[in-house]
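Below, chains carry the letters A, B, ... as their sequence lines are ordered, and counting in each starts from 1.
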Number of protein chains: 2
Amino acid sequence: MSEKLPVSSAGLRRDLEILDVLAGHGDERDTDGFGVSWIAQRLDREKSQVSRALRALEAEGMVERDPVTRRYRLGWRLFALAARSQQARLVQVSAPFLRRLATAFDEDAHLCVLRGDQVLTLVSMPSSRAYHRIWEGVSVPVIMAAAGRSLLADWEPDRVRELLRAKLPAGLDSAVSDEEQWMADLAHARTFGYVASDVELDDSAGAVSAPVRDHRGLIAAAVSVSLTRVPARPRLEEIGHAIADSARALSAALGYPAC
Amino acid sequence: MSEKLPVSSAGLRRDLEILDVLAGHGDERDTDGFGVSWIAQRLDREKSQVSRALRALEAEGMVERDPVTRRYRLGWRLFALAARSQQARLVQVSAPFLRRLATAFDEDAHLCVLRGDQVLTLVSMPSSRAYHRIWEGVSVPVIMAAAGRSLLADWEPDRVRELLRAKLPAGLDSAVSDEEQWMADLAHARTFGYVASDVELDDSAGAVSAPVRDHRGLIAAAVSVSLTRVPARPRLEEIGHAIADSARALSAALGYPAC
DNA sequence: CAACTGGGTTGCGCTCATCGCAACAGATTT
DNA sequence: AAATCTGTTGCGATGAGCGCAACCCAGTTG
């Protein structure tokens with residue numbers, strides 16, 4: 001335990017591991033935070049270190065402790081910092097557009113960005129459906145996300161192929177594992193401004209997504225709508241056009257020169 | 001410079017100071033980040049330390065660096081951390097506020113979120129009254145819930161009208177079925193931070209609600225208090241202000257930058 | 001071109017903050 | 001009362017971070 005990694009600030013890493021655990025309920029439902037021992041065990045670290053680290057984090061407002069259960073959860077300061085990040089602006093601008101999409105089709109609408117080879121979902125606008133899988137703040141490999149096709153639309157073909165070859169063998173096979181199909185999807189995204197994919201890791205029947213460009217014309221994000229039932233072809237095109245329009249309007253709102 | 005404070009983890013404090021600087025443009029509009037020297041000078045710290053700390057922070061995704069200008073900005077990881085734990089935190093943090101409201105007026109207090117065109121009640125804090133209608137986990141159409149007016153406060157007028165027209169004919173007529181009254185209510189919610197509605201589907205005499213904003217500034221939820229007897233006008237305003245204050249405090253606790 | 005300036009990184013000893021153990025203190029359970 | 005689970009703290013060894021200074025790189029300036 002606690003290997004001698006040659007790397008830099010170990011303290012930072014430790015603190016972030018702790019924060020990740022506190023954030024990482026992910027699949028579990030609403031827990032009321034986590035205790036020191038549980039966290040220590042999960043991270044395979046000394047209880048004492050976790051205890052001390054948490055106290056420091058608490059003093060700084062990064063975590064807070066329920067006075068009665070003595071369990072920790074993320075604190076206000078983290079949220080305040082997050083509010084000031086670049087992404088926050090993107091979120092605020094995109095909210096109305098996502099809302100419109102979500103209500104128009106009564107399906108969840110998302111805004112995603114590319115982070116390395118992962119697709120990070122920034123906002124999820126829930127539909128009226130009973131269960132709403134929470135994707136916000138979650139990263140998935142780019143090849144498994146519908147939005148991935150939109151986000152990679154501007155990449156050179158070679159880079160895309162490289163990425164696919166590196167990732168595909170290891171991972172599960174995506175909806176369209178075929179390389180050529182991917183290239184076709186990317187071309188579709190470029191020419192029509194949207195792209196549909198059949199199956200996703202979600203329990204949905206597919207998804208449609210469209211690239212969003214910033215003021216420099218670079219693809220900064222993608223909107224995507226996951227479909228719980230597979231629509232007929234004409235309907236799919238209709239949805240696609242709606243999403244493409246939405247993405248275009250959002251791009252314009254971000255300063256992308258209309259064309 | 002860099003006093004010998006007797007305190008705990010100095011590294012954490014340093015990192016957070018740096019993050020605060022990166023976040024703290026506050027008044028200035030979109031600067032494209034800050035350079036090492038500038039930050040070091042502002043914090044009265046060694047350039048070398050700031051440089052090293054920033055590299056570590058970047059490796060962890062807490063900050064990101066513009067490859068061309070070499071300036072640093074807050075990174076995606078902050079956002080991801082905050083986003084993932086947002087709803088869980090909402091429930092946790094709101095409990096004391098709801099309790100306070102419930103006891104202050106001896107009426108049931110609720111926390112509701114928007115799911116598509118439905119209002120879902122996440123938490124109900126019972127008053128001391130004998131019968132407590134259980135609302136937790138129940139969805140009602142947005143036009144029939146008091147909290148709906150708060151939750152829609154940020155929507156564009158056109159979207160609201162669209163929703164009203166789609167829903168009203170089919171459904172029962174709500175307390176305020178009149179479109180203009182709705183728009184007035186939304187405006188009231190925006191300017192005063194709360195809104196009252198006369199009658200609800202509950203067996204109550206009305207309800208007062210207020211919007212709660214998350215760290216991104218989006219309306220994430222609404223607090224509402226249902227009233228079993230209709231109060232006099234001045235009393236209603238008093239209650240409204242109390243709820244608006246509560247919602248504001250809750251928003252702040254969620255990381256909404258006060259302003 | 002050489003000298004200068006300002007931003008950023010890195011080498012390197014010294015020292016102090018952090019580590020892990022183990023003991024301790026409460027709360028709950030048996 | 002013993003057992004167990006929680007979380008906190010004392011303490012000595014040690015290694016990580018500190019600050020200085022040297023350095024690299026790009027622009028400016030003479």
Side-chain angles (χ1 to χ4, degrees), chain A residues 1-22 25 28 31-75, chain B residues 1-22 24-25 28 31-75 92:
Chain A
M1 53 191 71
S2 75
E3 343 278 282
K4 306 289 182 229
L5 291 176
V7 294
S8 63
S9 56
L12 174 61
R13 176 153 314 170
R14 165 179 48 69
D15 291 344
L16 285 177
E17 281 180 6
I18 292 177
L19 292 179
D20 266 341
V21 169
L22 291 181
H25 56 65
E28 302 116 78
T31 57
D32 49 337
F34 302 94
V36 172
S37 298
W38 195 87
I39 298 174
Q41 177 181 332
R42 202 169 195 295
L43 295 180
D44 200 15
R45 285 179 184 276
E46 271 295 313
K47 264 193 319 177
S48 58
Q49 291 319 311
V50 175
S51 173
R52 290 194 251 250
L54 278 169
R55 188 192 305 147
L57 286 168
E58 187 188 18
E60 297 292 344
M62 294 296 281
V63 304
E64 52 197 22
R65 177 175 235 182
D66 188 307
V68 42
T69 71
R70 315 213 72 198
R71 284 153 169 269
Y72 286 100
R73 59 181 125 82
L74 297 181
Chain B
M1 52 189 70
S2 75
E3 343 277 281
K4 304 289 181 233
L5 290 175
V7 294
S8 62
S9 57
L12 174 62
R13 173 152 316 169
R14 165 180 47 71
D15 291 343
L16 285 176
E17 281 179 7
I18 291 177
L19 291 180
D20 270 342
V21 169
L22 291 181
H25 48 62
E28 305 114 80
T31 56
D32 49 338
F34 302 95
V36 172
S37 298
W38 195 87
I39 299 174
Q41 176 181 332
R42 202 169 196 296
L43 294 179
D44 200 16
R45 285 180 183 275
E46 268 297 313
K47 263 195 317 178
S48 58
Q49 292 320 310
V50 175
S51 172
R52 289 194 250 251
L54 278 169
R55 190 191 306 145
L57 286 168
E58 187 188 18
E60 297 291 344
M62 296 294 281
V63 303
E64 50 199 20
R65 178 176 232 180
D66 188 308
V68 42
T69 70
R70 314 211 75 195
R71 286 154 168 268
Y72 286 100
R73 285 184 269 108
L74 294 182
Q92 303 283 318

Decide yes or no on side-chain contact (heavy atoms from CB on, under 4.5 Å) for A/Ile39 and A/Leu54, but give the supporting numbers first. CA-CA 10 Å; A/Ile39 298 174; A/Leu54 278 169; 4.1 Å; yes
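Atom-to-atom, CD of A/Gln41 to C1' of D/dG7 comes out at 14 Å; the value is rounded to the nearest Å. Distance, B/Leu12 CG to C/dT18 C1': 14 Å, rounded to whole Å. Atom CZ of B/Arg13 is separated from atom C1' of C/dA17 by 14 Å (rounded to the nearest Å). Whole-Å rounding puts the B/Ile18 CD1 to D/dG17 P distance at 13 Å. One can place CZ of B/Arg71 at 13 Å from C1' of C/dG8, the figure rounded to the nearest angstrom. If you measure from atom CD1 of A/Ile39 to atom P of D/dT8, you get 11 Å, rounded to the nearest angstrom.
Listed nucleotides C/dT9, C/dC21, D/dT6 differ in distance to A/Lys47; the shortest reach to its side chain belongs to D/dT6. Across D/dG19, C/dC21, D/dT8, the shortest atom-to-atom separation from the side chain of A/Glu46 is found for C/dC21.
In this model, the phosphate group of C/dG8 is approached by a side-chain N or O of B/Ser37 to a distance below 4.0 Å at OP1 or OP2. The phosphate of C/dT9 has OP1 or OP2 within less than 4.0 Å of a side-chain N or O from B/Arg65. For A/Arg55 and D/dT9, the shortest distance from a side-chain N or O to OP1 or OP2 is below 4.0 Å. For A/Ser51, no side-chain nitrogen or oxygen approaches OP1 or OP2 of D/dG7 to under 4.0 Å.
The nearest heavy atom of DNA chain D to A/Gly35 and to B/Arg14 marks one nucleotide each, and the one closer to the 5' end goes with A/Gly35.
The base of C/dG20 lies close enough to the side chain of A/Gln49 for a donor and an acceptor atom to sit less than 3.5 Å apart. With hydrogens and angles left out, the side chain of A/Arg52 and the base of C/dG20 share a donor-acceptor pair within 3.5 Å.
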